[in-house]
Every structure is written in C-alpha cells, then in structure tokens.
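Beneath this line is the structure, given in structure tokens, with notes to follow.
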Amino acid sequence: MLQRDPNAKHPKYIYMNRRHFLVKAVPMAAGAALLAACAPTLGQVTSPPQAPAGTPVPTMAPKDLPAALAHTDAFSNVTTDELGDKLNTFEQITNYNNYYEFSTDKEAVAPLAKNFVTAPWFVEVNGLVNKPRTFALADLYNSFKQEEHVYRLRCVEAWSMVMPWVGFPLSDLLKMVEPKPEAKFVKFVTVFDKSQMPNQNFPILQWPYVEGLRLDEAMNNLTILATGLYGKPLTNQQGAPIRLVVPWKYGFKSIKAINQIELTDKAPLNTWQEAASNEYGFYANVNPEVDHPRWSQATERRIGEIGRRRSLMFNGYEDQVSSLYQGLDLRANF
Ligand SMILES: Nc1nc2c(c(=O)[nH]1)N[C@H]1C(S)=C(S)[C@@H](COP(=O)(O)O)O[C@H]1N2
Ligand SMILES: [Mo]
C-alpha cells in the first residue's frame with residue numbers, strides 16, 4: 001500500500017500488504033480485476049455519468065463561472081481569515097497539490113492536470129433521496145448562490161494553507177433532493193476516467209477516490225461544494241469543476257472532481273481508510289491531541305511560513321462543529 005511520508009517531497013511507495021504487493025506485480029488489466037474482486041464494497045467500477053436522454057447539453061463551460069458570479073460577492077479582496085491568518089497566494093495554492101489521480105508529487109500535479117477536460121460535466125445525486133437528480137454543471141452554478149468562503153486547509157501530512165474558495169453550502173443541494181429519513185451518510189465519488197487521469201491506470205489507491213460524511217456533518221454550514229477560488233473557476237489541479245471542502249477535517253476528506261453523490265444508511269469506506277485503516281479513519285477531524293501513528297499532529301507547516309505553528313482543535317472551527325461530536329471518543333473515532 002502507499003504510505004504517506006510528510007517529510008518527503010516525493011512520497012515513498014511502501015508495499016506492506018500482500019494483496020497490494022500482488023496487485024502491483026501483475027499486469028494492469030488483471031490488476032484492476034483483482035482489485036475489484038478483492039474489495040467488493042469499493043470495487044464497483046463506475047463511468048462518468050452521461051447526460052440523461054433528452055437533457056440538452058449545457059452551454060455553460062467552466063470559464064463562464066465568472067458570469068454566474070456576476071451578482072455575488074465572488075472575491076471580496078479580503079487578505080486574512082477570521083483568525084488574522086494571511087491568505088496563501090493563488091500561485092502557492094495552485095502549485096502544491098495533493099491529487100493522486102495525476103501524481104503523488106505535489107508540484108507535478110498542476111502540469112499533469114493542465115489538459116483535463118471538465119466540460120460537459122454532470123453530478124449524479126441519488127440513493128436514499130425523494131428526488132434523485134443529475135445536475136449539469138450549469139445547473140449547479142445557477143441553482144445555488146455562489147459565495148466566498150475563506151477556510152484553512154490542513155492536510156493530514158501536517159502542512160496547511162488559507163484559501164478563499166467560491167462555492168455553496170452542500171446543505172442547499174441536499175435539501176433540494178430531499179434525503180429520506182433512513183439516509184444517515186453521504187458518499188462522494190471522484191470521476192473515474194483512466195484516459196484522463198494517468199494514475200487511475202495503476203493500483204496506487206483504490207479508484208475511483210471515495211469519501212464520506214455523516215449527514216449532519218454534510219448539513220453543517222461550513223461544508224461546501226467549491227466551484228472556484230480567488231473569484232475564478234477552480235483550476236484542474238484543485239479539483240475542477242466541483243469539489244468538496246470540509247475545513248475542520250484533514251484535507252483528504254475534501255474530495256476533488258466529484259461526479260456522484262449518494263445518500264446511504266451505512267458509513268462509506270473512504271479511500272484512505274481502505275488503504276490503511278490504522279492510520280486514516282472515517283472522521284479525520286483535525287485533532288492536535290491525536291497523533292498519526294507515524295508523526296505528530298500537534299504542529300503544522302503553513303505554506304509560505306518559516307517554522308511551524310500549533311495545530312488547532314477542529315482546525316480552529318471548534319465553536320461551529322464540536323457539538324456534532326458530543327459524547328464521541330475522538331481517540332477511538334479518529
Ligand atoms: N480525488 C481526489 N481528491 C483529493 C485528493 C486526491 O488525491 N484525489 N487528495 C486530498 C488531499 S490529501 C488533500 S490535502 C486535498 C488537497 O487539496 P488542494 O490540492 O486543493 O490543496 O485534496 C484532497 N482531495
Ligand atoms: Mo492531504
């Protein structure tokens with residue numbers, strides 16, 4: 001399995017698990033089949049949702065986001081977050097990315113994702129809802145008010161940035177599809193497109209990338225679907241055309257390039273949990289008191305700063321989210 005190494009510029013691959021070792025050793029097509037066979041819960045191969053028959057092809061391309069934002073306060077020219085921390089620059093944010101579908105080298109993601117085609121794009125929302133619906137990107141731009149949300153992003157590898165996202169509360173979308181009473185979790189899936197995402201041809205992680213939230217976490221005001229950054233449409237390396245941002249959780253929860261959202265009654269097995277369940281859990285709340293088995297989570301490196309700063313409980317969003325976890329053992333539910 002792939003192990004993260006927070007100190008390495010180029011992460012190391014350490015194959016410790018026999019199943020993954022075998023997968024790596026066999027030819028690609030067979031490897032993919034073996035992976036699917038070994039993991040029936042996640043092995044289901046999905047292709048990008050197509051437009052339902054009769055749906056007009058959307059005319060709005062990602063470059064038209066600025067038009068959709070014309071009547072909103074898309075970028076307010078703020079320079080800090082609510083704690084007074086300076087925003088990271090557009091250049092910093094878009095040239096240091098975790099996006100394993102393209103590369104495990106953070107600085108190689110941007111050039112490799114440059115030509116990723118994001119139009120047309122559809123997001124299928126289904127599962128335990130009264131009104132399942134496939135949204136074209138233009139529907140998502142136009143149906144929901146796009147606003148600026150300045151959030152800190154804290155990676156599980158102990159680096160962080162401050163980012164001015166553009167997006168809308170996930171709760172707006174969920175209310176529209178009407179979750180059924182049995183719905184307790186939300187599962188998110190990244191597009192599966194081996195022709196465009198080179199590493200999806202290799203068993204580095206289990207593809208497509210999957211994430212999950214409890215429904216109440218998904219409904220929290222802080223949880224957004226992001227469509228832009230610094231008042232512009234998302235760049236490909238940031239997860240264009242639409243990605244999740246959950247600022248009080250480690251960055252791996254903020255799944256990129258989403259094309260499926262499913263309401264479920266069981267906690268989805270997220271990709272990093274599947275890769276190493278002793279190291280990455282379902283909750284992944286930022287918690288300086290619970291270390292990663294291989295490194296401390298007490299401090300972090302803010303990109304652009306010298307030295308380290310102390311990490312904050314729930315990444316500094318304790319007031320807004322601690323009530324979600326009342327009575328939960330945060331050490332056991334890491
Ligand atoms: N599909 C997908 N989503 C992903 C990842 C990934 O590899 N694939 N990496 C995650 C991790 S570990 C982090 S820290 C954030 C990084 O987001 P950024 O590149 O916009 O800073 O994206 C998350 N979302
Ligand atoms: Mo991360």
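All ligand and atom numbering here is 1-based and tracks the order in the structure.
Because its NZ or CZ atom is not both nearer than 6.0 Å to the ring centre of Y99 and within 45° of the ring axis, R243 does not count as a cation-pi partner of that residue. Under a cutoff of 6.0 Å and an axis angle of 45°, K194 and F202 do not form a cation-pi pair. In this structure, K232 satisfies the cation-pi test against F90, with its NZ or CZ atom closer than 6.0 Å to the six-membered ring centre and inside 45 degrees of the ring normal.
Considering backbone and side-chain atoms alike, R243 places an N or O below 3.5 Å from some N or O of ligand 1. Taking distance alone, with nitrogen or oxygen atoms compared against 3.5 Å, W165 stays at or beyond that limit from ligand 1. At least one N or O atom of S254 sits closer than 3.5 Å to an N or O atom of ligand 1.
Classified by interplanar angle (parallel below 30°, tilted 30° to 60°, perpendicular above 60°), the ring pair F252/Y280 is perpendicular. Ring pair F314/Y325 is parallel by interplanar angle, where below 30° counts as parallel and above 60° as perpendicular.
Of all atoms in ligand 1, numbered sequentially from 1 with element shown, those under 4.0 Å from a heavy atom of N97 are 18 (P), 19 (O), 20 (O). With ligand atoms numbered from 1 in the order given, ligand 1 contributes 3 (N), 24 (N) to contacts under 4.0 Å with heavy atoms of I255. Heavy-atom contacts of T190 reach the following atoms of ligand 1: 1 (N) (cutoff under 4.0 Å). Numbered from 1 in the order shown, with element, the atoms of ligand 1 that lie under 4.0 Å from a heavy atom of M163 read 21 (O). Proximity to C155 (heavy-atom distance under 4.0 Å) selects the following atoms of ligand 1: 14 (S). The R4 neighbourhood of ligand 1 comprises atoms 12 (S), with distances under 4.0 Å to a heavy atom of that residue.
Looking at atom 9 (N) of ligand 1, its nearest protein heavy atom turns out to be N98 O, 3.2 Å. Here the protein heavy atom with the shortest distance to atom 6 (C) of ligand 1 is Y209 CE1, 3.5 Å. The protein heavy atom nearest to atom 8 (N) of ligand 1 is E101 OE1, 2.8 Å. Closest protein heavy atom to atom 19 (O) of ligand 1: K256 NZ, 2.7 Å. Ranking protein heavy atoms by distance to atom 15 (C) of ligand 1, first place goes to G251 O, 3.6 Å.
Using a 4.0 Å cut-off between heavy atoms, Y100 contacts ligand 1 through both its backbone and its side chain.
The residues E82 and R152 are annotated as salt-bridged, a charged nitrogen and a carboxylate oxygen being separated by less than 4.0 angstrom. The residues E279 and R4 are annotated as not salt-bridged, no charged nitrogen and carboxylate oxygen being separated by less than 4.0 angstrom. E147 has a carboxylate O that lies under 4.0 Å from a charged side-chain N of K145, or vice versa, which qualifies the two as a salt bridge.
The only option from N98, N95, N97 that meets the side-chain hydrogen bond (donor to acceptor under 3.5 Å, both in side chains) definition with K106 turns out to be N98.
When only modelled atom types and interatomic distance are considered, E262 and N126 share no side-chain donor-acceptor pair under 3.5 Å.
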